[in-house]
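Here is the structure we will look at, set down as structure tokens.
Atoms within a ligand are numbered from 1 in the order they appear, just like the ligands themselves.
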Amino acid sequence: MQKLLSSLGPVAAVIGAQWGDEGKGKVTDILAEHYDIIARACGGANAGHTIVINGTKHVFHLLPSGCLHEKKDIVLGAGMVLHLPTLLEEIETLKESGIDIVNRLYISPESHILFDFHKEIDGALEELRSREKGQGIGTTKRGIGPAYMDKAERVGIRMEMLGKNIEGELKERAKRVLQCYGVTIDTDKEMANMSAAHAVLKGRVIDTIEHMHSGLSNGKTILIEGAQATLLDIDHGTYPYVTSSSTTIAGALQGLGLPPNALTSCIGVAKAYCTRVGSGPFLTEMDEEHADRIRTKGGEFGATTGRPRRCGWLHIPDLKRTAQINGFTHWNITKLDVLDTESEVSVGIDSKSDAEAIYDAIPGWMEPTVGMTSFADLPENAQKYIYFLEQKTGVPAALIGTGQGREEMIIKS
Ligand code: IMP
């Protein structure tokens, strides 16, 4: 671990290389112990990670996975869109488990408030797309797109307004929202949500840029927890089947107000196979027989929506591209054990006219790897699979996940 930490340096990021759900939470959780500030930069409650507290599973959407570690500062950056009742619920869940995070929570005044009406607009727009085009984007219906639409239109309401009277502004907005989307804003409810949030969060909306930069000057370290993933990025993803934020390392630095030269490492997280929820292209999607097996074995159901995830093989050109975009210094390959019972592991290595993948077949290992913590103990073919990924992408696989548990991880020097 010490070797890994010195190669990561004081400002490390964890960024998804596929379509989300790669298991970024686990590596963040492992590393969080060794960092002072855990920061989330972009997105909102579309993210979902399962956290087990005292044996009970909880799904968190806004707070980063690292929040369980006591004494760590938690930063929610300017690039985020915050649904306040969800945030309060997560804070309360932690409190009930004896973890009080309010006093170490730092929220950017520049982050945007995501109101209930944004969620309703999201639902209305999805319905419209399905009716008009036969299919929607398959959003999480958490209001993400509409909140970023307001931000881009420059009519968003930001966290700096917490505790201020925005009733008039909301009432004005209600007229237009009803006219454009047929959605009624319940201004009383939105105001009540604001007051409840103000009661808990007053004093926690501070200049997060100053907080992080003065921390860095005083020798503190920062772990950036990316949300969603590179192939869902608004610019570089499979547009229009993407989310509405910048999910790359560049987006994370922008969302936090950290300069590129502060970053010392960037871990790309990719499953040993690939999944996607929602609509959109998926060149290496598996046939149903394989997908069923992987879905069941890997528990591939959305943490936010419960939707079954589409399953596929790795696609090397995507991994190379995400490594280029993000400058990955390390891979964390997750869920290797899910492939334990595959007699052959396919890997997309190229494509024919962008429509059909060309595969290489790697012999499976057909032996359990669950819980392994040493690379040398892995079956030979599993090692070969990892070497193949390293060689094809030019990025070392520093961490390899072999199970759900925190300790089920190989740290490979
Ligand atoms: P939105 O972010 O809710 O607008 O959804 C846009 C697309 O991104 C949909 O295909 C979602 O399923 C996908 N998406 C958004 N957040 C996540 C995530 O955290 N994991 C996986 N897919 C996500």
Using 4.0 Å as the upper bound for N to carboxylate O, is an ion pair formed by E33 and K72? no
Should the pair D116-K189 be classified as a salt bridge under the 4.0 Å nitrogen-to-oxygen rule? yes
Evaluate whether atom CD of E127 has more than 12 neighbouring non-hydrogen atoms of other residues, nucleotides or ligands under 6.0 angstrom away. no
Are there any protein N or O atoms under 3.5 Å from the N or O atoms of ligand 1? List them with distances, or say none.
from	atom 1	to	atom 2	distance (Å)
ligand 1	2 (O)	N46	ND2	2.9
ligand 1	2 (O)	T243	OG1	2.6
ligand 1	3 (O)	T140	N	2.9
ligand 1	3 (O)	T140	OG1	2.6
ligand 1	10 (O)	V277	O	3.2
ligand 1	12 (O)	G138	O	3.4
ligand 1	12 (O)	V277	O	3.3
ligand 1	12 (O)	R307	NH2	3.0
ligand 1	16 (N)	Q228	NE2	3.3
ligand 1	19 (O)	N46	O	3.4
ligand 1	19 (O)	Q228	NE2	3.4
ligand 1	20 (N)	D21	OD1	3.2

Does the ring of Y106 carry R204 above it, NZ/CZ under 6.0 angstrom from centre and within 45° of its axis? yes
Angle class for the F117/F115 ring planes (parallel below 30°, perpendicular above 60°, tilted otherwise)? parallel
Heavy-atom neighbours of R321 CZ exceed 12 at 6.0 Å: no
